[in-house]
Amino acid sequence: MTESTGVRRDETTSSPVRPAVISVLVLLVVLTVAVFVARAFPAIVDEWSGTTEGPNGPVPVSLEFREGGGLGGNDGCNTLFGEWAPTGDGAVVERLASTLMFCFDVDTWLSGAHRVVVEGDRLLVYDDAGAHIGTLDRGAA
């Protein structure tokens, strides 16, 4: 004779509603993260261009902020490369380096970029002392 424990076994212990609820919750988390990332990065991820003074007039300068934190550009004389990290209103430029070409009478102000602030389609550029050193416009040079 078999003894009964008083516990009734239900062969269908898993409800089809539970996986659906979990799927919806996971989707909501993913969408929330996607919205945060979309708001934090696209404002800066772009090409920005402007000019600097050269011996024969204005010389084009540019910065390109890439997804993933890469940075490239040109200060009117040298190629720039480095990294960036987002801030609430722009980015901090990290490990900015450049080639070492000699360009007579070119103002290489952009190579001093330390922090940038996005204001619409303009990028305000600041040096490590917090001084505004220039402005770039959204779009390729």
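Sparse packing is recorded around CZ of R122, with 12 or fewer heavy atoms of other residues, nucleotides or ligands lying under 6.0 Å away.
L100 CG to C77 SG: the interatomic distance, rounded to the nearest 0.5 Å, is 9.5 Å. The CG atom of L123 sits 5.0 Å away from atom CD1 of I44, with the distance rounded to the nearest 0.5 Å. The distance from the CD atom of E83 to the CG atom of L96 is 10.5 Å, given to the nearest 0.5 Å. In this structure, D107 CG and D75 CG are separated by 9.0 Å, a value rounded to the nearest 0.5 Å. Atom CD1 of I133 is separated from atom CG of L110 by 6.5 Å, given to the nearest 0.5 angstrom. The CG atom of L124 lies 4.5 Å from the OH atom of Y126; values are rounded to the nearest 0.5 Å.
In this structure the side chain of L80 never reaches within 4.5 angstrom of the side chain of N74, judged on heavy atoms. In this structure the side chain of F65 reaches within 4.5 angstrom of the side chain of V116, judged on heavy atoms. Within the 4.5 Å cutoff, the side chain of V61 has no heavy atoms near those of the T51 side chain.
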**Request:** Show your reasoning for whether side chain to side chain contact (heavy atoms under 4.5 Å, CB included) applies to V93 and L71.
**Result:** CA-CA 8 Å; V93 176; L71 172 69; 3.6 Å; yes
**Message:** For W48 and E64: C-alpha separation, side-chain torsions, deciding distance, then whether side chain to side chain contact (heavy atoms under 4.5 Å, CB included) applies.
**Reply:** CA-CA 6 Å; W48 303 85; E64 180 185 4; over 6 Å; no
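Side-chain atoms of D137 and T135 form no donor-acceptor pair, as typed in the model, at a separation below 3.5 Å. Judged purely by distance below 3.5 Å, without hydrogens or angles, the side chains of W109 and T52 pair a donor atom with an acceptor atom. Between N78 and S98, the side chains place no donor N or O within less than 3.5 Å of an acceptor N or O (distance only, hydrogens not considered).
Distance alone, capped at 3.5 Å, places no donor-acceptor pair between the T108 side chain and the S111 backbone. Within the 3.5 Å criterion, the main-chain N or O of A43 finds a donor-acceptor partner in the side chain of R138.
Taking every heavy atom of both residues into account, S49 and G139 meet most closely at OG-O, 3.1 Å. Closest non-hydrogen pair, V106 versus G76, comes out as CG1-O, 3.8 Å.
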